[in-house]
Amino acid sequence: MRIGLYGGTFDPIHTGHLIVIENAINFMKLDKVIILPSSNPPHKKNKKKTDTNIRVEMVSEAIKDNDKIVLSTFESTDDTIRYTHETIRYFKEKFNKDDVFYIMGEDSFLTIDTWKNYKDILGEKIIVFTRSNIDKDSELVRKVDEIRKDNPNIFLINNLNINISSTLIRQLVKDRLSIKYLVSDNVKYIIEKRGLYV
């Protein structure tokens with residue numbers, strides 16, 4: 001099997017996240033994607049976050065109609081900081097006969113040198129998605145090409161550029177503006193019912 005790992009804060013999970021996953025399934029021929037909400041991401045440990053259980057609930061509701069996407073609470077069972085290299089190692093050991101890919105956005109990839117044990121991560125199979133159209137001289141392409149000299153398993157997907165962010169959605173809710181179509185109806189219901197982001 002070909003398995004993707006997709007981590008994040010998902011505060012909230014939105015259409016852009018789901019399009020990235022579906023794109024990865026289509027273009028990398030993945031059999032399933034494991035989505036990993038993080039209770040305490042290292043790069044956001046000092047930022048205010050919605051309660052982990054609510055974020056997990058939103059993810060669960062957003063993906064429930066897609067049997068190729070599986071929710072894992074490996075990074076959200078407690079408030080422990082879980083580093084990406086540890087997560088990848090855990091799932092590679094669990095699925096030791098399968099190909100495991102780590103999915104990330106261009107913003108994360110461009111700052112990966114700041115991640116703990118980032119050289120270990122860069123030795124793995126990585127799928128990178130762009131937020132906007134890029135040209136061959138962009139910083140992202142240069143970085144991918146440089147890393148590919150040591151690891152050919154870096155895959156750059158630049159076919160559907162969806163620039164939606166959780167930050168945007170939280171701000172729209174705060175401003176009492178519509179988030180319809182930016183999140184699934186199930187997620188929108190949870191946000192409204194629990195009075196999130198106001």
Side-chain angles (χ1 to χ4, degrees), residues 1-11 13-38 41-45 47 59 63 66 68-70 72 74-75 81-168:
M1 281 209 308
R2 292 164 68 85
I3 298 168
L5 306 177
Y6 189 35
T9 313
F10 304 114
D11 194 10
I13 186 169
H14 53 68
T15 308
H17 293 130
L18 300 175
I19 290 172
V20 162
I21 293 172
E22 198 68 14
N23 239 350
I25 290 169
N26 285 341
F27 288 92
M28 295 301 298
K29 296 181 169 49
L30 302 183
D31 296 291
K32 71 176 175 178
V33 170
I34 299 170
I35 191 166
L36 294 141
S38 176
H43 58 295
K44 294 184 179 177
K45 57 187 174 184
K47 292 187 178 179
V59 169
I63 67 172
N66 190 332
K68 286 198 169 186
I69 311 175
V70 180
S72 169
F74 176 75
E75 292 191 348
I81 292 177
R82 305 228 184 257
Y83 292 98
T84 297
H85 72 277
E86 296 171 333
T87 297
I88 295 172
R89 185 173 66 238
Y90 170 81
F91 283 99
K92 281 184 71 178
E93 289 172 358
K94 182 173 181 178
F95 300 107
N96 57 16
K97 293 185 171 139
D98 301 308
D99 287 325
V100 176
F101 299 78
Y102 191 79
I103 303 169
M104 62 195 318
E106 68 173 279
D107 298 347
S108 296
F109 191 76
L110 285 171
T111 60
I112 199 166
D113 301 11
T114 66
W115 294 24
K116 187 169 184 178
N117 290 21
Y118 75 92
K119 289 183 179 177
D120 292 344
I121 301 169
L122 291 177
E124 302 294 345
K125 296 180 177 77
I126 301 176
I127 302 169
V128 183
F129 277 90
T130 61
R131 273 187 182 268
S132 56
N133 283 319
I134 55 170
D135 59 50
K136 60 182 178 16
D137 298 319
S138 71
E139 180 187 359
L140 178 62
V141 171
R142 288 198 306 270
K143 185 159 190 164
V144 167
D145 287 345
E146 185 63 31
I147 294 166
R148 275 183 180 154
K149 292 175 185 175
D150 297 314
N151 177 11
N153 293 308
I154 308 291
F155 305 94
L156 182 60
I157 299 184
N158 185 34
N159 63 330
L160 275 176
N161 307 123
I162 308 296
N163 198 3
I164 302 171
S165 70
S166 297
T167 303
L168 167 67

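What you see is a predicted model; the values in this text were computed from it and never measured.
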In Å, rounded to the nearest 0.5 Å, how long is the span from CZ of R82 to CG of L36?
10.5 Å
Side-chain donor or acceptor of D31 paired with backbone N/O of R2 under 3.5 Å:
yes
Should I35 and I13 count as side-chain neighbours, where that means a heavy-atom distance under 4.5 Å?
yes
Working for side-chain contact (heavy atoms from CB on, under 4.5 Å), residues E124 and L5:
CA-CA 12 Å; E124 302 294 345; L5 306 177; over 6 Å; no
For the pair T9 (side chain) and D11 (backbone), establish whether a donor and an acceptor sit closer than 3.5 Å, ignoring hydrogens and angles.
no
Test item: S108 and W115 side chains (from C-beta on) under 4.5 Å apart, heavy atoms
yes
To the nearest 0.5 Å, tell me how far I34 CD1 sits from I21 CD1.
11.5 Å
Say whether, by atom type as modelled, one donor and one acceptor occur between the side chain of K92 and the main chain of V100 under 3.5 angstrom.
no
Would you say the side chain of L168 lies within less than 4.5 Å of the side chain of H14, judging by non-hydrogen atoms?
no
Taking the side chain as C-beta and beyond, is there a heavy-atom pair between I121 and N117 under 4.5 Å?
no
Between D145 and R142 (salt bridge meaning N to carboxylate O under 4.0 Å), is one present in this structure?
no
When you compare the side chain of M28 with that of I157, does any pair of heavy atoms fall below 4.5 Å?
yes
Which heavy atom in F129 sits nearest to a heavy atom in A24, and how many Å separate them?
CZ-N, 3.6 Å
Roughly how far apart are D150 CG and K119 NZ, rounded to 0.5 Å?
10.0 Å
Yes or no on side-chain contact (heavy atoms from CB on, under 4.5 Å) for V33 and I25, after CA distance, side-chain angles and deciding distance?
CA-CA 7 Å; V33 170; I25 290 169; 3.8 Å; yes
Centres of the F155 and F27 rings: under 6.0 Å?
no
Taking K32 first and then D98, would you say they form a salt bridge - that is, a charged N and a carboxylate O separated by under 4.0 Å?
no
Closest non-hydrogen atom pair, S38 against P41:
OG-N, 3.2 Å
Do L30 and I103 have side chains that approach each other closer than 4.5 Å (heavy atoms only, starting at C-beta)?
yes
Closest contact, heavy atoms only, F91 versus S72
CZ-OG, 3.6 Å
For residues K143 and I112, determine if any side-chain heavy atom of one lies less than 4.5 Å from a side-chain heavy atom of the other.
yes
Audit row: I164, I19, side-chain contact (heavy atoms from CB on, under 4.5 Å) steps and yes/no:
CA-CA 10 Å; I164 302 171; I19 290 172; 5.7 Å; no
Taking the side chain as every heavy atom from C-beta outward, state whether L156 and R148 have any atom pair closer than 4.5 Å.
yes
Of all the heavy-atom pairs spanning N151 and I154, show the shortest one and how long it is.
O-CG1, 3.5 Å
Could you walk me through whether F109 and L122 pass the side-chain contact (heavy atoms from CB on, under 4.5 Å) test, one step at a time?
CA-CA 10 Å; F109 191 76; L122 291 177; 3.9 Å; yes
Name the orientation class of the two ring planes belonging to Y6 and F10 (parallel below 30°, tilted from 30 to 60°, perpendicular beyond 60°).
perpendicular
Rounded to the nearest 0.5 Å, how far does CD1 of I3 lie from CZ of F95?
4.5 Å
Quick one: CG on N158 to CD on E106, what's the gap to the nearest 0.5 Å?
8.5 Å
